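Below, chains carry the letters A, B, ... as their sequence lines are ordered, and counting in each starts from 1. Keep in mind it's a predicted model, so treat the numbers as computed, not measured.
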Number of protein chains: 2
Amino acid sequence: MAWILQSDRPIYAQLVERLKTEIVSGVYPPGGRLPSVRELAATASVNPNTMQKAFAELERTGLIITMRTSGRIVTEDTAMINETRRELAEEQISQFLTQMNNLGFDRSEIIELLSERKGEDVHE
Amino acid sequence: MAWILQSDRPIYAQLVERLKTEIVSGVYPPGGRLPSVRELAATASVNPNTMQKAFAELERTGLIITMRTSGRIVTEDTAMINETRRELAEEQISQFLTQMNNLGFDRSEIIELLSERKGEDVHE
DNA sequence: ATCATTGTATTAAGTTAATAATACATTGTA
DNA sequence: TACAATGTATTATTAACTTAATACAATGAT
């Protein structure tokens, strides 16, 4: 997954969303070490300050923990991780249904559109 | 539908999205007159300049047309309107599936979650 | 012990968004 | 004709975001 950032939203907010997703989907496992601020910033081609801001936000919610000079790790609280995953999915679903309804699609049409569809399946 | 604007995205971009949705869903019918810049700005509690910027964007795409001193109207090109609706829905679906896949849900799980769901249906 | 790496903090600069306060030309209408 | 309402333009100010360039304390490894 490449670090593609849109310009119509604050970068740090996009970093937060991306990192959250990577944590709850197991890219960074519970208790696992995260790359350093500088390293991730370089990978994502953003300023270290911006990545730091994103990390601070994740820290605030308890999803990651700082070990001062030895980097950061993902929480080992798998219940919290699962809950976060559930919340993120809930947000996606709710927003999606709302927007599709605003566009004039009802539930059965939406499900039909999704069922017909090819291509978005998980790769590798 | 209230004018609820999030702070984590440029307001004018949210106005564009909302107005597009209202046009393609028939809130503002083809050839119909739109409220004035000042009026809509007041309704949405934003600065007239911000609403003007949103209108300018919609104008650029051809969805609305300016009649100088007598306001603006929605295009009568229903093909364009339908195409826009299709594009907006396509974006929603594509983004939704991508994000849900990133969260670790496959297609069948997604459809199941949507099918179980109550509440997002169109009201009135 | 030394040193590279870690998180963290600070200061400065530049950009964009949003608001505010006006102003102007044009046109439909009273 | 006079006037209100239209889109449009301008200038200024404020705030948020991002980048840049450093700097410092703490720690793990050599």
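- The residue among A:Thr50 and B:Thr66 whose nearest nucleotide of DNA chain D is located toward the 5' end is B:Thr66.
- Rounded to whole Å, atom P of C:dT6 lies 11 Å from atom CZ of A:Phe55.
- Between A:Thr69 and C:dT5, a side-chain N or O to OP1/OP2 separation shorter than 4.0 Å is absent.
- For B:Ile11, whose side chain is taken as the heavy atoms from C-beta onward, the closest listed nucleotide among C:dG7, C:dA18, D:dT8 is C:dA18.
- The distance from atom CD of A:Gln52 to atom P of C:dT6 is 13 Å, rounded to the nearest whole Å.
- Rounded to the nearest 0.5 Å, atoms CZ (A:Arg72) and OH (A:Tyr28) are 12.5 Å apart.
- Contact between the side-chain N/O atoms of B:Tyr12 and the OP1/OP2 oxygens of C:dA18 is not found at any separation under 4.0 Å.
- For the pair B:Asp8 CG and D:dC17 P, the interatomic distance rounds to 10 Å; values are reported in whole Å.
- In this structure, A:Thr75 and A:Ile65 approach most closely via the heavy-atom pair CA-CD1, 4.1 Å.
- When the side-chain nitrogen and oxygen atoms of B:Arg72 are compared with OP1 and OP2 of D:dG7, one or more of them lie within a distance under 4.0 Å.
- For the pair B:Leu34 CG and D:dT6 P, the computed distance is 12 Å after rounding to whole Å.
- Rounded to whole Å, the distance from CG on B:Asn47 to C1' on D:dT14 is 13 Å.
- In this structure, of D:dT8, D:dA20, C:dG28, it is C:dG28 that holds the atom nearest to the side chain of B:Ser70.
- Atom NZ in B:Lys53 sits about 6 Å away from atom C1' in C:dA17, given to the nearest Å.
- The B:Pro10 side chain lies nearest to C:dA17 when the options are C:dA17, D:dT19, C:dT6.
- In this structure, CG of A:Leu15 is placed 13 Å from P of D:dC17, rounded to the nearest angstrom.
- Atom CZ in A:Arg33 sits roughly 11 Å away from atom P in D:dG28 (whole-Å rounding).
- For C:dT29, the paired base is D:dA2 (Watson-Crick or G-U wobble, both distances below 3.5 Å).
- Looking at A:Glu59, its side chain does come within 3.5 Å of a backbone N or O of A:Thr66 through a donor-acceptor pair.
- Mapping B:Arg38 and A:Arg38 onto DNA chain C via the closest heavy atom, the residue that lands nearer the 5' end is A:Arg38.
- Classification of B:Lys53 and B:Glu57 as a salt-bridged pair fails, no side-chain N sitting under 4.0 Å from a carboxylate O.
- Look at A:Lys20 and A:Glu17 and you find no salt bridge, because none of the NZ, NE, NH1 or NH2 atoms lies under 4.0 Å from a carboxylate O.
- Ranked by how close their nearest DNA chain C nucleotide is to the 5' end, A:Met67 and A:Asn49 are led by A:Met67.
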